[in-house]
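Only this structure's heavy atoms are used, side chains among them; waters, hydrogens and symmetry mates stay out. Proteins come first, then strands; the chains are lettered A, B, ... in the order of their sequence lines, and each starts at number 1.
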Amino acid sequence: MQQRCHKIGIAIGNLSLYYTLECGQTFRWKRTPGGSYFGIVGGDAFLIKQHGNILEIASTERNVGEWARKYFVLDVDLESILHEIDRDEHIHEAIVSCGGLRILRQEPWETLASYILSANNNIPNIKRMVENLSRRLGRIRGLEGYSGFTFPSPSAITKNKDTVSKCGLGFRCDYLVEAAETIKEGREDLERIGVLPYKECREELMKFRGVGAKIADCVALFSFGMYEAFPVDVWIRRTLRNLYFPDGGVGDKQIWHFARQYFGRYCGYAQEYLYCHYRLKRARGLTSRTAGRAPTI
DNA sequence: GTCCAGGAGTGAT
DNA sequence: ATCACTCATGGA
């Protein structure tokens with residue numbers, strides 16, 4: 001399904017495509033043998049390659065430049081954010097290690113759905129579930145020899161519950177279908193939730209069954225650009241306990257309060273750098289020295 | 001076979 | 001409010 005292709009080169013400041021797309025905030029990008037990234041965002045296919053501080057983007061989307069500025073949130077000054085959260089040697093190590101990691105602005109429904117599927121799960125398996133859903137219920141998009149599928153809409157999911165149940169979602173299946181129904185029937189509106197103040201937004205998101213504090217924070221951070229969100233998952237819990245609470249005895253809620261106060265209004269960025277760095281660091285320690293390292297461009 | 005993974009719901013204290 | 005238990009699936 002080849003479609004009309006638009007190409008641009010766009011200048012970027014501080015951006016690492018590798019850390020941004022492979023840090024775990026998004027599940028939909030695939031690295032090609034040539035070092036490009038192919039993915040579907042919304043209804044369009046994208047093929048992106050980084051050359052230093054230029055992103056070369058091919059897409060079925062008409063206005064690629066506007067898309068890139070919004071998706072990569074290029075109007076926010078990453079340097080000043082990193083400077084503000086750079087409070088000690090631990091976060092500093094992460095900032096140096098994962099330089100150029102930017103928090104994306106992703107589509108709310110796909111983000112909510114993906115993170116509902118993330119509960120008690122691992123990243124490869126989450127990717128497989130999202131891919132299963134898209135392959136079966138999404139629409140195909142092709143670009144320069146690559147192809148992928150759009151993420152299914154809420155109504156596509158509610159209309160095909162039998163298909164959804166065959167996607168290997170486990171106990172999360174009911175939560176996903178229920179969320180799709182809630183949105184399809186208009187009982188919740190993600191666009192409205194996305195412009196609420198952070199804490200109200202968080203409360204609204206947690207009304208979805210299957211969405212607790214952590215997943216609500218992921219949606220607020222990765223979709224709504226609320227950088228004061230601080231998702232506490234198993235990695236962050238381990239990492240912050242090791243670094244800041246060696247004597248133990250702290251729960252997720254205490255970790256959340258501490259981090260928000262300690263790192264301030266951009267604590268979400270601190271979370272993502274800590275998550276990315278200390279997770280890769282452990283993975284590298286368990287395997288070879290070079291596994292998971294950013295490719296040189 | 002066992003443990004773990006970008007957790008959350010439920011029911012008992 | 002905080003705990004322990006459970007949920008379905010795949011990989012190490």
Peer 1: So C23(A), base contact, sugar-phosphate only, or nothing? Heavy-atom distance under 4.0 Å.
Peer 2: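 Contact class for C23(A): base.
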Peer 1: Hey, does the Lys NZ or Arg CZ of R238(A) hover above the aromatic six-ring of Y278(A), less than 6.0 Å from the centre and inside 45° of the axis?
Peer 2: no
Peer 1: Does E228(A) come within less than 4.0 Å of K199(A), counting only side-chain N to carboxylate O?
Peer 2: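 Not counted as a salt bridge, because no side-chain N and carboxylate O are separated by less than 4.0 Å.
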Peer 1: Measure CD1/I126(A) against P/dG11(C) and give the value in whole Å, please.
Peer 2: 14 Å
Peer 1: Taking NZ, NE, NH1 and NH2 as the nitrogens, is one of them in R202(A) or D217(A) under 4.0 Å from a carboxylate oxygen of the other?
Peer 2: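 Yes, this pair counts.
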Peer 1: On a whole-Å scale, what distance lies between the P atoms belonging to dG11(C) and dA8(B)?
Peer 2: 24 Å
Peer 1: Heavy atoms within less than 4.0 Å of DNA chain B: which residues of residues 95-102 of chain A have one? Give them sorted by number.
Peer 2: none
Peer 1: Strictly below 4.0 Å: does R128(A) bring a side-chain N or O up to OP1 or OP2 of dA5(B)?
Peer 2: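 Checking dA5(B) against R128(A), no side-chain N or O comes under 4.0 Å of OP1 or OP2.
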Peer 1: Within 45° of the axis and under 6.0 Å from the centre of the six-membered ring of W67(A), does NZ or CZ of R69(A) qualify?
Peer 2: no
Peer 1: Between E144(A) and K7(A), does at least one N-O distance fall below 4.0 Å, as a salt bridge requires?
Peer 2: yes
Peer 1: Contact class for F27(A) vs. all strands (heavy atom < 4.0 Å): base, sugar-phosphate, or nothing?
Peer 2: nothing
Peer 1: Given atom CG of N125(A) and atom C1' of dT9(C), what is their separation to the nearest angstrom?
Peer 2: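 So the two atoms are 6 Å apart, to the nearest Å.
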Peer 1: Scan for salt bridge (charged side-chain N to carboxylate O under 4.0 Å, His left out) pairs involving residues 152-163 of chain A, sequence neighbours excluded, and state none if there are none.
Peer 2: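 Non-adjacent pairs meeting salt bridge (charged side-chain N to carboxylate O under 4.0 Å, His left out): K161(A)-E181(A).
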Peer 1: With the threshold set at 4.0 Å, does a side-chain nitrogen-carboxylate oxygen contact exist between E66(A) and R62(A)?
Peer 2: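 Salt bridge flag = no for R62(A) with E66(A).
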Peer 1: Would you say the ring centroid of Y244(A) lies under 6.0 angstrom from that of F258(A)?
Peer 2: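 Centroid separation for Y244(A) and F258(A): below 6.0 Å.
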Peer 1: Starting at CG of D252(A) and ending at P of dA4(C), how long is that distance when rounded to a whole Å?
Peer 2: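 Distance, rounded to whole Å: 14 Å.
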Peer 1: Between the protein and nucleotides 7-9 of chain B, which nitrogen or oxygen pairs are less than 3.5 angstrom apart?
Peer 2:
{"unit_1": "dG7(B)", "atom_1": "OP2", "unit_2": "N121(A)", "atom_2": "O", "d": "3.3"}
{"unit_1": "dG7(B)", "atom_1": "O5'", "unit_2": "N120(A)", "atom_2": "N", "d": "3.4"}
{"unit_1": "dG7(B)", "atom_1": "O4'", "unit_2": "N120(A)", "atom_2": "N", "d": "3.3"}
{"unit_1": "dA8(B)", "atom_1": "OP1", "unit_2": "G212(A)", "atom_2": "N", "d": "2.9"}
{"unit_1": "dA8(B)", "atom_1": "OP1", "unit_2": "G212(A)", "atom_2": "O", "d": "3.3"}
{"unit_1": "dA8(B)", "atom_1": "OP1", "unit_2": "K214(A)", "atom_2": "N", "d": "3.4"}
{"unit_1": "dA8(B)", "atom_1": "OP1", "unit_2": "I215(A)", "atom_2": "N", "d": "2.8"}
{"unit_1": "dA8(B)", "atom_1": "OP2", "unit_2": "K214(A)", "atom_2": "N", "d": "3.4"}
{"unit_1": "dA8(B)", "atom_1": "O5'", "unit_2": "G212(A)", "atom_2": "N", "d": "3.4"}
{"unit_1": "dG9(B)", "atom_1": "OP1", "unit_2": "G210(A)", "atom_2": "N", "d": "3.0"}
{"unit_1": "dG9(B)", "atom_1": "O3'", "unit_2": "R209(A)", "atom_2": "NH1", "d": "3.4"}

Peer 1: If I take atom CH2 in residue W256(A) and atom P in nucleotide dA1(C), what distance separates them, rounded to the nearest angstrom?
Peer 2: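 Between P of dA1(C) and CH2 of W256(A): 13 Å.
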Peer 1: Separation of E131(A) atom CD from dT9(C) atom C1', in whole Å?
Peer 2: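 In whole Å, dT9(C) C1' lies 17 Å from E131(A) CD.
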Peer 1: For K253(A) and for G170(A), locate the closest nucleotide of DNA chain C by heavy-atom distance; then report the residue assigned to the nucleotide nearer the 5' terminus.
Peer 2: K253(A)
Peer 1: Without decimals, in angstroms, what is the distance between Y278(A) OH and dA5(B) P?
Peer 2: 18 Å
Peer 1: Quiz question: by atom type and distance under 3.5 Å, do the side chains of S134(A) and R28(A) form a donor-acceptor pair?
Peer 2: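 Side-chain D/A pair, S134(A) to R28(A): present.
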Peer 1: Classify R279(A) by what it touches in the nucleic acid, base, sugar-phosphate, or nothing, heavy-atom distance under 4.0 Å.
Peer 2: sugar-phosphate
Peer 1: Contact class for Q254(A) vs. all strands (heavy atom < 4.0 Å): base, sugar-phosphate, or nothing?
Peer 2: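 Here Q254(A) touches no strand at all.
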